[in-house]
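All chains are named by letter (A, B, ...) in the order of the sequence lines, taking the proteins before the strands, and each is independently numbered beginning at 1.
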Protein chains: 2
Amino acid sequence: MLEEGYAAVSSRRVGALVGMNAALVYYYFGTMDGLFIELFRRGAERSLDRLSLALMTPQPLWGFWDAVHDQGNSALTMEFIALANHRKAIRAEIAGYSKRFRQIEIDVLTRVLDGYGLDADTWPAVTVILAVAGISRFMLIEEQFDVDIGHAEMIAVIERHIRALEGERITGNVIGVDGSRST
Amino acid sequence: MLEEGYAAVSSRRVGALVGMNAALVYYYFGTMDGLFIELFRRGAERSLDRLSLALMTPQPLWGFWDAVHDQGNSALTMEFIALANHRKAIRAEIAGYSKRFRQIEIDVLTRVLDGYGLDADTWPAVTVILAVAGISRFMLIEEQFDVDIGHAEMIAVIERHIRALEGERITGNVIGVDGSRST
DNA sequence: GTCTATACCGAGATAGAC
DNA sequence: GTCTATCTCGGTATAGAC
């Protein structure tokens, strides 16, 4: 799916990949849609876990930035968004998870930013979240196309603001993809 | 392509849609890739024209915001990005146009923002561009999924900053998709 | 649970008549 | 320039043996 796009994912190829028969895809997932939904769910649950961990850190803002800035799932997410364009079941799935993500981010960061003394009227927490997430994803997409004009400057600006609120990043808090904590 | 995804675009369907034979697609475009590239080019050229017009306005910042924020092209752009994941020719095409867009934006807005007295060290023009473009596109994607939590607040924050730099928006300057000027 | 066999469809692409 | 005819491939999905 990552290498050749969602259209290249077929029961025959999945079967061949795992060394089994293509018909088993239908036995286990019913339809191809079922397979895609299950695949999306597993990835989304992992991402939710990772986000929660990052937000429980002593530096939740740095944690959020790291979680959202990291590459891994970005290309796959794009593929699912394109896939959702014409598969209603998948569209509903993505919408549901997006809202869950957003709600967790809002719940935690509203308190955190308030604690840092950020004025919620000029910068509501949800706008900080949208800005960081949007800018991050945009840069990740551009990187896929080897377009990185201004990325370094953008990252510098964002990290300057995070630093002003939450202080210098303490590297020991970084949460890995597997939930591990770097030393 | 918009309604059912790029995978649903086939020579047979294109032929049927225009009431002619499927083989003509190959006569005119060589391959399906050729058709996609031509389609992308035409859309991109139109968007480039529109951007240029918006930046020639007496309020280039508002013009930029409108051009990037509106975009009926967003869903189509997502589809092309997904398509580019596994078609090298299209990937190169998108990369090239992205850089052209970015360069025009930088050329104009660097001068404009400097004229407004914005400090280029704390907020280089390219970071303003990336932020506005990234946040916009993120919200447009979310809207496709009926997720709009915090969008109104986000728009308010961005427009407040534009207003602080460029003053109240003068509606007579709005450039339509067709290049027309609203009254 | 895993397989084979198969039905059915539509994809990309080309050859060649007109 | 437009068509018909056709090749080859691989897709989704199901039936039914083992």
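- For the pair Glu93(A) (side chain) and Arg41(A) (backbone), a donor-acceptor distance under 3.5 Å is absent.
- Where Tyr27(A) and Arg12(A) meet DNA chain C, the nucleotide closest to each residue was compared, and Tyr27(A) sits on the side nearer the 5' end.
- Side-chain atoms of Gln144(B) and Asn85(A) include a donor-acceptor pair closer than 3.5 Å.
- Out of dT2(D), dA13(C), dT12(D), the shortest distance to the side chain of Leu24(B) is found at dT2(D).
- In the set dC3(D), dG12(C), dT12(D), dT12(D) carries the atom at the smallest distance from any side-chain atom of Tyr26(A).
- Distances shorter than 4.0 Å separate none of the side-chain N or O atoms of Ser10(B) from OP1 or OP2 on dG10(C).
- Ranked by how close their nearest DNA chain D nucleotide is to the 5' end, Arg13(A) and Ala23(B) are led by Ala23(B).
- Of the residues listed (Asp121(A), Thr122(A), Thr127(A)), the one engaging Pro124(A) in a side-chain contact (heavy atoms from CB on, under 4.5 Å) is Thr127(A), and it is the only one.
- Per the geometry, CZ belonging to Arg87(B) stands 13 Å off P belonging to dA11(C), to the nearest Å.
- Between the CZ atom of Phe29(B) and the C1' atom of dT2(D) there is a distance of 15 Å, given to the nearest Å.
- Taking the six-membered ring where the residue is Trp, the centroids of Tyr6(A) and Tyr6(B) are separated by under 6.0 Å.
- Heavy atoms of Tyr28(A) sit under 4.0 angstrom from primed sugar atoms or phosphate atoms, though from no base atom.
- Nucleic acid contact class of Val14(B) (heavy atoms, under 4.0 Å, all strands): none.
- If you measure from atom CG of Leu35(A) to atom C1' of dA13(D), you get 14 Å, rounded to the nearest angstrom.
- Going from atom OH of Tyr6(B) over to atom P of dA11(C) covers 15 Å, rounded to whole Å.
- Distance CG (Asn21(A)) to P (dT2(C)): 10 Å, rounded to an integer number of Å.
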